[in-house]
**Q** 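Provided herewith is a single structure, encoded as structure tokens, for subsequent inquiry.
Order of the sequence lines sets the chain letters (A, B, ...), proteins ahead of strands, with each chain counted from 1. For the numbers below, each heavy atom of this structure counts, side chains included, while hydrogens, waters and symmetry mates do not.
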Amino acid sequence: MLKLREVCMRFGKTDAIRLLNLEVGDGEVVGLIGPNGSGKTTLVNLISGVYPPTSGSIRFDGREISRLAAHKIARLGIARTFQNIRVYPGMTVRENLQAALTGSPSLSGRDEMDSALRQVQLADRAEHLAGELPLPERRRLELARVLVCHPRLVILDEPAGGMTPAETEDLAQLIKNKLAPGRACLIIEHKMNLITATCRRLCVLHRGVKLADGGTGRVLSDRRVIDCYIGTAAGKC
Amino acid sequence: MDAYHVTVLSNIGMISLIALSAYLLLVCGEISFGQQAYFGIGAYISGIATAMWGWPLWSGMLAGGLIGASAAAFVGALTLRINGFYFSIATLAFAEMMRLLLYVFRYQVEIGGELVGPDGENGFHGIRWIFENDISTVEFMWIIYGVLASVVAGMMFMERSRLGRIFRMIGQDDMLARMQGVNVLLYKVLAALIAGFIAGVGGSLYAHSFTYIEPQFFNVMLGVHGLAYGLIGGLGVAFGPLVGVAIDIGFLEAIRWIQGYRMIAFGGLVAVMLIFWPRGIFDEKRWYSIRRCLRRMCGAETS
Amino acid sequence: MTDFLQNCIDGVMIGSSYALLALGFTIIFGVMRRLNLSFGPTIMLGAFGGAWLYLHFNINPWLVLLACIVFTVAAGVYVERLCFNAIKRNVAITSMVSSFVIWMQLEEIAIHILPDRTSPFPPLFASLSFEAGPFYVRSEYLFMFAVAVAAVFAVERILHRTWFGLRLRAVAEDPRAAAYMGINAGRVSVYAFVLVSVLGAVAGYLILAADQQVTPFFGLWATFKGLIAMMLGGMGSLPGAIIGGLLLGVIETQSLWYFGNEYKDLAAYLVLFLMLIARPGGIMGQRLVERRRLAFRRV
């Protein structure tokens, strides 16, 4: 469904992404991990069209999207969340959902919005200003926004950032039961328990290069991955 | 109502239109220092149309609005790609360019043994439509307020529509809007176009109310006043700019002992206001609480 | 050809004054990432203070210069406190509007100080003009040019060789990180405004002394000329301010000579408008635009 071929991204003199190949199949949930600065968010920005890649091709459903304007990519059915949460602070929670629908081909009605809000436990907040919500609720609002849009590919950029273990567990359930069924997901996360709970396949980025790609268990036991990402601190104690 | 009050009220009505046009761009997150350019274009075009070509006021006004709108869309398409400061400075540069062009713009025809038309720095005399049609200043004031009311109603309607929602999305987070499938540049140019139309219509009224216009009227201060009114009134709701205008012209003009120090008082007032309410009196938050209060009150009555 | 070259020389001479004004804008933009549109009016107010003292007490021109500096610094600090320090960092555009509003205030205060539209202004030295081959040069402008170049070197030195400069750059890069390091961002920004006001007052004095008169329009004039020069040269770039100022001067004198007085300012605005469309960063400011684009990466 999503196919990246030899994608490169260069900022000035630094290579953020080098010759990256990545595929996400229909209905597949893929985790993406890597040290900070390894190019994960750059990858998300490339796919969602914040900027075009320096070279290489990105195909979605067989269609080349690497040179497409961001809003056109969004209309093809790719939705994303942001590492540093973005909501419209001057709109209510419900208006935020309506806003998410204005540019999307999805035709969700009021009922669907209500049910999306219930799923992320924001039903009683529907008429609150999004700018006044505490951080975890804003994160959940981002998820509700994805739910109402019915995208075909979801990219979550550190969805569990700043969450407690219990909240992370809830989030994993939500992703597994509501978000993932029937669509492709790409999840960027540092929290291993979220990754292991949701992703069958795992991909590791290191300094803009793909280090490993495969079944979650196998990748996590890979020597190189342990060296550069997971570290040996656990082994030492 | 004496002549003085009619003049003040007419002024409030016309300046409100430029404030509304600045407000629309503010809602989209863009600051324009150049709305006076479209105000001036509207004034000159409609003046030429009625005084020199004998058009009726309505078509002159429409022409002024449309030419203003197309100029604004043209400038917007060129400059809205560059955001923030650059857009503000580009609009300022365009407006000053426009004003300086009016100083060298000469186009006159002889009507009734008299030369009529824009004459560079000497201005544009004889836009006599309201005399020729026996319209008193009071009647013209009602025309102004009729136009203003329909513009405000249109904008209130727009705010509740999909278009208004998209404008607010862009204003609050244009990156997010782009990621949600909104063609940000297109809608920003559209906002500039509508704003240019409103300013152009305002300028048409201005030309016919004063019967004489000159390039100096359309200087930066006019645009800055419009902008300041939009900003102090608040970015939450379309009648915000009217509140801004009323505070300055209505309130400060009324206090006699402030005369001669008005700019000092108004400037200080706005500066202090911007510290506490950077998005104006009726910003999104306050307007939201007011809306909720109103809904609660209505709900209590019906139940 | 001689005409063209003479125009260029005149342009560079006039442009020196624009460069001095642009320096003030560019330092504030470099430090605060905000535009201070009241910069011209603060200089104008300072000059009015000096002119008032000169008119009523007939003081020495050097004292007038001193008075200009004192009044400009006072006005500059007032603007900094009200429009920059008090307004939160995340609404940078509001500062711009606020400084524009304060502009009107300063202008009206100036009119109340000296109700006559034009007031005399004393020069430091008698004006000299001398010939170099077929060309004429005026000494005041030569002096201005020297001051502008010296000011660039001085400011460059302050920014890169002193503790104050280090703090200033720290605040410019990341105000919050600077605050965590124990740098008082508010105080640094006041000092930056003081520095800029002194520079602006000297620039204003030299320009007005060359004209030997001051009007309330000087504020508008100074802001526009400085702003255009800065935008042409590149926002936040010190050499860009000089280049932009000189370029603006040359554009103005050439269009004055070939098209007439009405087109002088028009040409300047046209060049600015086209520059903003084609190359928003200005001649020297591309690096800054590039950096903003890089910052954009952290979405």
Side-chain angles (χ1 to χ4, degrees), chain A residues 41 44-51 68-106 126-133 138 141-142 145-146 148-151 153-157, chain B residues 23 26-29 80-81 83 158-190 231 234-238 240 277-296 298-299:
Chain A
T41 296
V44 177
N45 287 344
L46 286 175
I47 298 171
S48 56
V50 175
Y51 29 66
L68 228 50
H71 64 271
K72 287 187 182 149
I73 295 177
R75 283 184 203 158
L76 291 176
I78 298 181
R80 68 171 284 191
T81 65
F82 296 84
Q83 191 178 351
N84 42 356
I85 310 162
R86 281 172 180 250
V87 295
Y88 300 111
M91 297 188 192
T92 64
V93 168
R94 188 186 300 283
E95 282 169 342
N96 262 278
L97 295 189
Q98 285 169 344
L101 288 171
T102 44
S104 126
S106 151
E127 303 302 330
H128 280 62
L129 273 189
E132 291 175 342
L133 294 181
R138 277 193 231 183
L141 173 57
E142 276 203 316
R145 205 163 65 190
V146 171
V148 291
C149 285
H150 296 299
L153 170 69
V154 182
I155 307 170
L156 302 177
D157 196 353
Chain B
Y23 162 85
L26 280 172
V27 165
C28 291
L80 278 164
R81 281 178 300 118
N83 51 7
M158 186 207 75
E159 303 234 299
R160 305 182 73 92
S161 71
R162 179 168 180 273
L163 185 64
R165 196 188 304 134
I166 289 177
F167 286 162
R168 288 208 178 277
M169 283 163 75
I170 293 171
Q172 288 178 22
D173 192 336
D174 63 338
M175 178 53 134
L176 180 54
R178 197 169 287 143
M179 295 288 122
Q180 291 180 339
V182 172
N183 187 344
V184 171
L185 181 62
L186 179 78
Y187 281 98
K188 275 190 176 172
V189 173
L190 188 62
L231 206 55
L235 303 185
V237 60
W277 300 322
R279 290 177 78 80
I281 301 173
F282 291 104
D283 59 4
E284 289 90 347
K285 224 163 166 177
R286 201 159 290 113
W287 177 237
Y288 163 74
S289 345
I290 292 170
R291 238 170 25 185
R292 201 164 57 172
C293 273
L294 286 176
R295 205 178 302 143
R296 209 169 280 161
C298 295

**Q** Out of B:Gly181, B:Ala177, B:Gly236, return the one with the most heavy atom pairs under 4.5 angstrom to chain A.
**A** B:Gly181
**Q** Is B:Glu159 paired with B:Arg168 through a side-chain N to carboxylate O contact shorter than 4.0 Å?
**A**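 Judged by the 4.0 Å cut-off on N to carboxylate O distance, B:Arg168 and B:Glu159 do form a salt bridge.
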**Q** What part of A:Ala69 is in contact with chain B, defined as an atom under 4.5 angstrom from a non-hydrogen atom: side chain, backbone, both or neither?
**A**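 Neither part.
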**Q** Less than 4.5 Å apart, any side-chain heavy atom of A:Leu97 and any of A:Leu101?
**A** no
**Q** Looking only at heavy atoms and a cut-off of under 4.5 Å, which of A:Lys72, A:Met91, A:Glu95 has the most pairs with chain B?
**A**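 Among the listed options, the one with the most contacts to chain B is A:Met91.
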**Q** Checking side-chain contact (heavy atoms from CB on, under 4.5 Å) against A:Val44, which of A:Ile155, A:Val50, A:Thr81 comes through?
**A** A:Ile155
**Q** Between A:Pro151, A:Gly131, A:Ala99, which has the largest tally of heavy atom pairs under 4.5 Å with chain B?
**A** A:Ala99
**Q** Which bit of A:Glu132 comes within less than 4.5 Å of chain B, counting heavy atoms only: side chain, backbone, both or neither?
**A** side chain
**Q** To the nearest 0.5 Å, how far apart are CD in B:Glu284 and CZ in B:Arg291?
**A** 10.0 Å
**Q** Evaluate the side-chain proximity of A:Arg80 to A:Val154: yes if any heavy-atom separation is below 4.5 Å, no if none is.
**A**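 Not touching, per the 4.5 Å side-chain cut-off.
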